[in-house]
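Starting from 1, each residue takes its place in the sequence as its number. No experiment lies behind these values; they were computed from the predicted model shown.
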Amino acid sequence: SQLWFLFMLFWVIIEFYFISKILDRYNFFQKMTLKTAVIVGIFFYLVDFCSPLLDRLGVPNVFQILAAFRYIFYFYAGFVFRKFDFSKLYKFAEIFLALSAVITLIFISFVHGKLEFIFMNFVSLFNCVSVFMFVAKYLNPKSKIFEIINKYNFQIYLFHQQIIYVIIF
């Protein structure tokens, strides 16, 4: 059941390739500032927000290509995170992680209905960035744990859901 991710990743990479070709015409990536990155990020968020509407309008979702547009926002966020040096923020990793936990608890407890759909991507993105900063700050990339993860990453990916299920239940 986890292999859907590989299929989605394939389509997201294809979609982002064509989008980046359009943006390259205007030298967007060379001139990109944090402000323009946020503006384009909002556009990708709106694409994610509107993609279920296309399905409701009867636009065919051949090979789940429309579904892949839901993940462009995250793919682009990762691209921006790599483009800009956010390592100066790593010293605040604990604060970001604690804030991430508080925001998630508030989100789960109080946000429902249409608001949930609107804010879910931002909460998820903030959580991902917070965990990434924490791991980047405290784990040595040359450590044994990273070697194991690097060597067995696909196997971990395939069986992580079952392992989580066993641990939780």
Side-chain angles (χ1 to χ4, degrees), residues 4-57 59 61 63-108 110-111 113-143 146 149-150 153 157:
W4 71 270
F5 177 77
L6 297 177
F7 196 55
M8 280 300 116
L9 188 59
F10 171 76
W11 284 122
V12 167
I13 290 170
I14 298 290
E15 291 170 356
F16 196 77
Y17 171 80
F18 289 110
I19 291 168
S20 66
K21 287 295 179 190
I22 293 167
L23 292 173
D24 270 347
R25 288 185 193 159
Y26 304 101
N27 294 323
F28 175 76
F29 296 115
Q30 289 78 21
K31 299 176 186 177
M32 182 166 56
T33 65
L34 196 52
K35 181 180 177 182
T36 58
V38 168
I39 291 168
V40 172
I42 290 170
F43 169 75
F44 285 131
Y45 172 74
L46 292 173
V47 167
D48 172 21
F49 189 76
C50 293
S51 64
L53 300 175
L54 293 173
D55 190 42
R56 288 187 191 135
L57 292 173
V59 175
N61 192 9
F63 299 117
Q64 296 294 315
I65 293 173
L66 289 180
F69 276 111
R70 302 212 55 209
Y71 302 101
I72 288 283
F73 174 75
Y74 294 105
F75 194 84
Y76 176 74
F79 178 83
V80 170
F81 200 78
R82 290 284 287 187
K83 171 102 171 127
F84 294 101
D85 183 19
F86 290 105
S87 61
K88 295 172 191 141
L89 296 176
Y90 291 179
K91 61 185 170 188
F92 303 110
E94 299 85 358
I95 295 169
F96 274 94
L97 200 58
L99 191 57
S100 175
V102 169
I103 289 171
T104 301
L105 287 174
I106 291 170
F107 182 75
I108 290 170
F110 300 109
V111 180
K114 292 183 182 181
L115 285 177
E116 183 177 355
F117 185 75
I118 292 170
F119 291 110
M120 183 174 59
N121 286 341
F122 294 113
V123 172
S124 300
L125 182 62
F126 188 76
N127 290 345
C128 291
V129 169
S130 299
V131 169
F132 176 81
M133 289 184 351
F134 188 82
V135 168
K137 180 177 180 179
Y138 286 106
L139 290 180
N140 179 0
K142 299 190 187 306
S143 69
F146 274 121
I149 290 172
N150 190 36
N153 61 27
Y157 167 71

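Met8 and Ala67 make their closest contact through SD-C, 4.0 Å (heavy atoms, listed as atom of the first residue, atom of the second, distance). Shown here for Leu6 and Tyr157, the closest heavy-atom pair between the two residues is N-OH, 4.0 Å. Heavy atoms only, all atoms of each residue included: Phe29 and Asp24 are closest at CD1-OD1, 3.1 Å. Shown here for Asp48 and Arg70, the closest heavy-atom pair between the two residues is OD1-NE, 3.0 Å. Leu125 and Tyr74 make their closest contact through N-CE2, 4.2 Å (heavy atoms, listed as atom of the first residue, atom of the second, distance). Here the closest non-hydrogen pair linking Ala93 and Lys137 is CB-CD, 3.9 Å.
Taking OG of Ser20 as the reference point, atom CD1 of Ile13 lies at 11.5 Å (rounded to 0.5 Å). How far CZ of Phe44 is from CD1 of Ile19: 4.5 Å, rounded to the nearest 0.5 Å. Taking SG from Cys128 and CE from Met133, the interatomic distance works out to 12.5 Å, rounded to the nearest 0.5 Å. The structure places OG1 of Thr33 at 7.5 Å from CZ of Phe28, a figure rounded to the nearest 0.5 Å. The distance from the CD1 atom of Ile103 to the CD1 atom of Ile108 is 12.0 Å, given to the nearest 0.5 Å.
With a 4.5 Å cut-off on side-chain heavy atoms, Phe126 and Val129 do not count as touching. Inter-residue side-chain proximity for Phe18 and Ile22 is flagged as unmet; no heavy-atom pair is nearer than 4.5 Å. Looking only at side-chain heavy atoms (C-beta outward), Val47 and Ile72 stay at 4.5 Å or farther from each other. The shortest distance between side-chain heavy atoms of Val135 and Phe146 falls below 4.5 Å. You'll find the side chain of Trp11 reaches within 4.5 Å of the side chain of Phe7, heavy atoms only.
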Go through the steps to decide whether Phe73 and Phe122 satisfy the test side-chain contact (heavy atoms from CB on, under 4.5 Å), and finish with yes or no.
CA-CA 10 Å; Phe73 174 75; Phe122 294 113; 4.0 Å; yes

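Ring geometry for Phe86 versus Phe84: interplanar angle over 60°, hence perpendicular rather than tilted (30 to 60°). Ring orientation note: the planes of Phe81 and Phe132 are nearly perpendicular, at an angle over 60° on the 30°/60° scale.
In this structure a side-chain-to-backbone donor-acceptor pair under 3.5 Å is present from Asn61 to Ile65. With hydrogens and angles ignored, the 3.5 Å screen pairs no side-chain donor or acceptor of Ser100 with any backbone N or O of Phe96. Under the 3.5 Å distance criterion, the side-chain polar atoms of Tyr76 are left unmatched by any main-chain donor or acceptor of Tyr45. A donor-acceptor pair under 3.5 Å is absent between the side-chain atoms of Lys31 and the main chain of Thr36, judged by distance alone.
Around CZ of Phe43, the count of heavy atoms belonging to other residues, nucleotides or ligands within 6.0 Å does not exceed 12.
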